[in-house]
Peer 1: 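A single structure is presented below for examination.
Throughout, protein chains are lettered first and strands after them, A, B, ... in sequence-line order, and every chain is numbered starting at 1.
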Amino acid sequence: MIRFLATAVSKAIQRAAEAGQLGSLTPDQSVQITPVIQIPNDTRYGDYACPTALSLKKLSGMAPAQIAQTLCRHLHLPNIETSVAGAGFINFRLRDPFLAERLQELLSLGPQFGKTSAPQPERILLEFVSANPTGPLHVGHGRWAAVGSTVADLLRWTGHQVDCEFYINDAGNQMQILGRSLAVRVKQLQGEDIPLPEEAYHGTYLIDVAQRLLDQVKAGIRPLPTTLEEYTDFAYAEMLAGQKRTLQQLRTAFDHWFSERRLHTPDPETGLSAIQHSLQELQERGFLYRAKAPRGEEPKPDAEEALYFKTQEFGDDKDRVVQKADGSVTYLAADIAYHRDKVRRGYQRLINILGSDHHGYIGRLQAAVGAFSLDVKLEILIGQFVKLFKTDPETGEKVEVRMSKRSGNFVSLNDLIEDPEIGVGVDAARWFLLSTSMDSPINFDLDLAVKQTFDNPVVYVHYSHARCCTLLRRLQEEEKVELTEKVSLDETAKLPYTEPEERTLLLRLLALPDELIAAAEERAPQKIIRYTEAIAADFNKFYDNCRILPLLQEDPALARARIQLVQATRQVLFNLLTGILRLSAPESM
RNA sequence: GGGGCUGUGGCUCAGAUGGAUAGAGCAAGCGCCUCCUAAGCGCUAGGUCGGCGGUUCGAAUCCGCCCAGUCCCGCCA
């Protein structure tokens with residue numbers, strides 16, 4: 001709808017400019033203007049409004065109200081009433097035949113309603129979560145999982161092709177530490193009195209893993225590991241499987257699981273690893289140099305020569321080392337190889353969702369993509385963390401609980417979902433993780449009645465959906481009403497509605513495609529949360545004010561029109577709940 | 001010291017890219033079931049949108065400075 005009105009206004013501006021009716025605004029300039037269409041907060045003004053005439057004042061040298069009048073004359077919108085109000089707003093009011101047509105469209109498209117095609121469809125690779133396989137996922141990972149999966153769905157609904165990818169950080173010495181930690185836990189279970197080294201993973205989850213390992217040994221499934229490598233492999237497999245389970249539980253699906261190790265493994269044909277290939281290519285393209293310090297910096301007295309990547313050319317604040325003085329490669333080298341791989345897989349856009357602690361990495365990642373392709377766009381979404389608080393029983397003050405895998409002091413994603421004390425279930429967990437803009441941290445007080453607080457809005461929406469279902473079921477089964485999808489107008493081309501709640505609800509439901517487009521373009525799932533809540537609120541007001549059963553005999557036309565609103569509400573809520581937010585949609589409560 | 005993000009009713013947060021009278025949910029108070037689910041609806045109360053200045057017809061939104069919170073600034077991964 002918004003896109004439709006925006007193009008209509010855009011064309012009107014062009015036509016008016018070509019006719020020389022917009023003062024000093026030239027036709028060339030007129031093409032550049034992208035009109036703003038918004039929903040006024042006071043519906044008396046209209047269903048949609050366009051303030052663009054106001055901003056054209058300078059370019060045209062005309063009074064905004066006059067511009068608006070001119071544009072109205074060039075707008076040819078059947079069944080939409082246009083008017084000029086205030087300082088120069090163009091207000092649009094959708095007439096009943098138009099609304100009926102849209103409602104008809106909604107009902108016949110059903111589960112497909114809301115899908116749009118993109119002006120420029122893209123093949124997109126969306127990377128998110130990408131945790132180390134060294135422990136259970138924590139609540140913070142859950143945030144990226146919920147946001148990532150929803151952004152992916154939003155992009156798909158708006159006409160893009162999206163693959164979701166999890167980059168498994170399974171290389172580096174953290175994996176050895178994991179193996180060593182497990183070995184100690186096993187020995188402890190066998191009765192040896194040895195302490196866990198300081199740098200080990202202290203979380204109690206490794207005790208469970210150790211127990212499972214011993215159980216398997218006892219059952220003769222496998223021998224007790226004899227090398228560190230075997231311990232590492234067992235722990236790795238267990239951790240990864242656990243993470244996959246949790247993500248699946250959170251209804252987050254990945255198309256690819258990309259192992260970092262793969263980048264370090266030499267290709268049997270060339271004998272070179274993907275990392276070595278990448279560095280070679282960077283070398284050939286002139287992006288590497290050997291020095292004792294990055295360009296523009298004085299080397300420290302004891303500095304040795306290392307291999308630097310010119311990340312500065314891509315907006316980084318200084319060049320970065322890819323190969324250390326001792327010949328080993330840095331973590332960035334793996335990232336370079338990884339992003340080279342992404343580029344070579346033919347995507348037009350890469351989107352990475354990262355935590356705010358990674359904001360300093362934007363420059364080097366842009367370099368890792370930019371050095372290999374000028375066309376592939378890399379978009380990095382930085383999100384703030386989930387912070388946990390506890391209320392100190394003595395002082396009554398809120399204290400932050402530090403999450404750390406090393407110390408074992410963290411709330412896992414599983415806890416949030418199913419812990420008897422703080423667990424809120426999958427639906428409320430997803431809702432909670434999606435409801436706040438990524439730019440804001442989520443503050444989560446473990447002692448407050450968070451369970452109810454986050455449960456409540458989900459229940460509200462579920463309740464509305466269930467009300468629709470129950471009502472429709474009752475109409476069919478008890479009242480023997482045949483549901484129809486055919487929308488009809490009366491002899492004066494009016495919809496039979498009588499109450500303001502009906503129109504408000506209808507307009508809200510018809511906005512689904514617009515809402516999905518806006519949320520997808522801004523990568524802002526929280527907008528869908530707000531929108532879903534708004535539908536539920538509009539529906540409950542309608543439900544309270546506009547009864548149906550008493551009308552079945554008295555006013556069948558109105559009853560039917562209201563039933564269609566219920567059908568439409570059920571459909572839109574269903575599409576949002578199951579298709580975008582990945583929540584359940586209960587049919588009764 | 002430099003940078004990212006944040007600062008909006010008592011609490012948790014929205015605010016559609018600068019628009020018409022700043023919104024929800026919890027918490028508080030009052031009212032509404034003879035009537036399709038009261039897990040609901042209506043009403044009341046609560047705000048100098050962190051502060052100061054600027055840009056213009058118009059600012060919570062853009063710019064500058066300041067204050068506060070938070071995260072980052074490795075030849076770690």
Side-chain angles (χ1 to χ4, degrees), chain A residues 2 36-42 44-45 49-52 54-55 57-58 63-64 85-89 91 132 134 169 171-175 177 260 303-308 317-318 320-326 328-332 334 355-362 382-385 387 400 435-445 448-450 452-457 459-460 462-464 466-467 470-475 478-479 511 514-515 517-519 521-522 524 526-527 529-531 533-534 536-537 540-541 543-552 562 566 588-589:
Chain A
I2 288 179
V36 175
I37 303 291
Q38 53 199 202
I39 296 173
N41 37 18
D42 190 331
R44 277 177 314 188
Y45 292 119
C50 173
T52 296
L54 293 162
S55 56
K57 185 187 158 193
K58 263 207 180 126
F89 286 90
N91 292 327
N132 300 327
T134 56
N169 269 260
N173 58 29
Q174 57 195 342
M175 297 307 289
I177 296 174
E260 183 191 346
E304 291 179 84
E305 278 207 332
L307 197 57
Y308 282 86
D317 39 354
K318 65 173 182 179
R320 307 284 165 176
V321 173
V322 288
Q323 192 171 30
K324 305 178 215 172
D326 67 7
S328 62
V329 294
T330 62
Y331 182 75
L332 175 59
S356 61
D357 54 340
H358 283 74
H359 93 266
Y361 294 55
I362 296 174
I382 297 292
Q384 302 296 313
F385 286 111
K387 293 206 279 181
E400 189 176 347
S435 58
T436 303
S437 144
M438 276 218 290
D439 290 336
S440 297
I442 294 181
N443 295 321
F444 183 15
D445 191 326
L448 283 182
V450 283
Q452 240 221 314
T453 311
F454 295 118
D455 213 31
N456 193 59
V459 171
Y460 184 69
H462 277 166
Y463 184 62
S464 310
R467 267 184 158 177
T470 308
L471 180 49
L472 293 172
R473 209 181 309 125
R474 173 154 180 185
L475 284 164
E478 291 177 27
E479 309 293 335
D514 286 336
E515 296 286 345
I517 289 170
E521 281 176 355
E522 295 170 50
Q526 84 278 3
K527 293 202 177 224
I529 294 284
R530 303 296 145 199
Y531 175 56
E533 275 177 344
N540 283 321
K541 282 170 201 166
Y543 185 92
D544 248 52
N545 246 296
C546 309
R547 301 261 142 180
I548 292 170
L549 291 186
L551 292 178
L552 288 174
R562 285 184 175 173
V566 179
S588 65
M589 285 172 77

Peer 1: When rounded to the nearest Å, what value does the distance between C1' atoms of B/C35 and B/C30 take?
Peer 2: 23 Å
Peer 1: Could you tell me whether A/E522 contacts a base, only the sugar-phosphate backbone, or nothing, with contacts defined as non-hydrogen atoms closer than 4.0 Å?
Peer 2: base
Peer 1: A/S440 near the nucleic acid: base, sugar-phosphate alone, or nothing, with a heavy-atom cut-off under 4.0 Å?
Peer 2: sugar-phosphate
Peer 1: Tell me what A/E479 touches on the nucleic acid: a base, only sugar-phosphate, or nothing, going by heavy atoms under 4.0 Å.
Peer 2: nothing
Peer 1: What is the nucleic acid contact for A/A87, judged by heavy atoms within less than 4.0 Å: base, sugar-phosphate only, or nothing?
Peer 2: nothing
Peer 1: For B/C72, does the O4'-C1'-N9-C4 (purine) or O4'-C1'-N1-C2 (pyrimidine) torsion place it in syn, i.e. within 90° of 0, or in anti?
Peer 2: anti
Peer 1: Quick test: give all pairs of protein nitrogen or oxygen and nucleotides 41-43 of chain B nitrogen or oxygen below 3.5 Å, distance rounded to 0.1 Å.
Peer 2:
residue, atom, partner, partner atom, Å
B/C41, OP1, A/Y460, OH, 2.6
B/C41, O4', A/D544, OD2, 3.2

Peer 1: Answer yes or no: is there a donor N or O on one side and an acceptor on the other, between the side chain of A/D514 and the main chain of A/I2, under 3.5 Å?
Peer 2: yes
Peer 1: Look at A/N456 and B/C26 and indicate whether a side-chain polar atom (N or O) is within less than 4.0 Å of OP1 or OP2.
Peer 2: yes
Peer 1: Report which part of the nucleic acid A/Y308 touches: base, sugar-phosphate, or nothing (heavy-atom distance under 4.0 Å, all strands).
Peer 2: base
Peer 1: What integer number of Å spans the C1' atoms of B/C71 and B/C75?
Peer 2: 24 Å
Peer 1: Classify the nucleic acid contact of A/D317 as base, sugar-phosphate or nothing, counting any heavy atom under 4.0 Å across all strands shown.
Peer 2: nothing
Peer 1: With a 3.5 Å cut-off and heavy atoms only, can you find an N or O donor on one side and an acceptor on the other between the side chain of A/Y531 and the base of B/A24?
Peer 2: no
Peer 1: What contact category does A/A171 fall into here, base, sugar-phosphate, or nothing, at under 4.0 angstrom with non-hydrogen atoms?
Peer 2: sugar-phosphate
Peer 1: Are there runs of at least three consecutive Watson-Crick or G-U pairs touching RNA chain B, with each pair's two distances under 3.5 angstrom? Give them by first number.
Peer 2: B:1-7 with B:67-73, B:10-13 with B:23-26, B:28-32 with B:40-44, B:50-54 with B:62-66
Peer 1: Rounded to the nearest Å, what distance is computed from the CD atom of residue A/Q174 to the P atom of nucleotide B/C76?
Peer 2: 14 Å
Peer 1: Can you name the nearest heavy-atom pair linking A/Q526 to A/S435, along with the distance?
Peer 2: CB-O, 3.5 Å
Peer 1: Using a heavy-atom cut-off of under 4.0 Å over every strand shown, decide if A/D42 touches base, sugar-phosphate, or nothing.
Peer 2: base
Peer 1: With sugar-phosphate meaning primed atoms plus P, OP1 and OP2, does A/A49 contact a base, only sugar-phosphate, or nothing at under 4.0 Å between heavy atoms?
Peer 2: base
Peer 1: In whole Å, measure the gap between the C1' atoms of B/G50 and B/G7 for me.
Peer 2: 6 Å
Peer 1: Answer with base, sugar-phosphate or nothing: what part of the nucleic acid does A/R474 contact at a heavy-atom distance below 4.0 Å?
Peer 2: sugar-phosphate
Peer 1: If you pin A/L475 and A/N91 to their nearest nucleotides in RNA chain B, which one's is more 5'?
Peer 2: A/N91
Peer 1: What nucleic acid atoms does A/C50 come within less than 4.0 Å of, heavy atoms only: base, sugar-phosphate, or nothing?
Peer 2: nothing
Peer 1: If you measure from the C1' atom in B/G74 to the same atom in B/U61, how many Å do you get, rounded?
Peer 2: 38 Å
Peer 1: Considering heavy-atom distances to RNA chain B, does A/N173 or A/P40 have its closest nucleotide positioned more toward the 5' end?
Peer 2: A/P40
Peer 1: Taking any heavy-atom pair under 4.0 Å as a contact, classify A/I382: base, sugar-phosphate, or nothing.
Peer 2: nothing
Peer 1: State the syn/anti category of B/U17 according to its glycosidic angle, syn meaning within 90° of 0.
Peer 2: syn
Peer 1: Using atom P in both nucleotides, what's the gap between B/U44 and B/G25 to the nearest angstrom?
Peer 2: 14 Å
Peer 1: Classify the nucleic acid contact of A/A518 as base, sugar-phosphate or nothing, counting any heavy atom under 4.0 Å across all strands shown.
Peer 2: nothing
Peer 1: Are A/N41 and B/U21 close enough that a side-chain N or O sits under 4.0 Å from OP1 or OP2?
Peer 2: no
Peer 1: How would you label the contact of A/Q38 with the nucleic acid (heavy atoms, under 4.0 Å): base, sugar-phosphate, or nothing?
Peer 2: sugar-phosphate
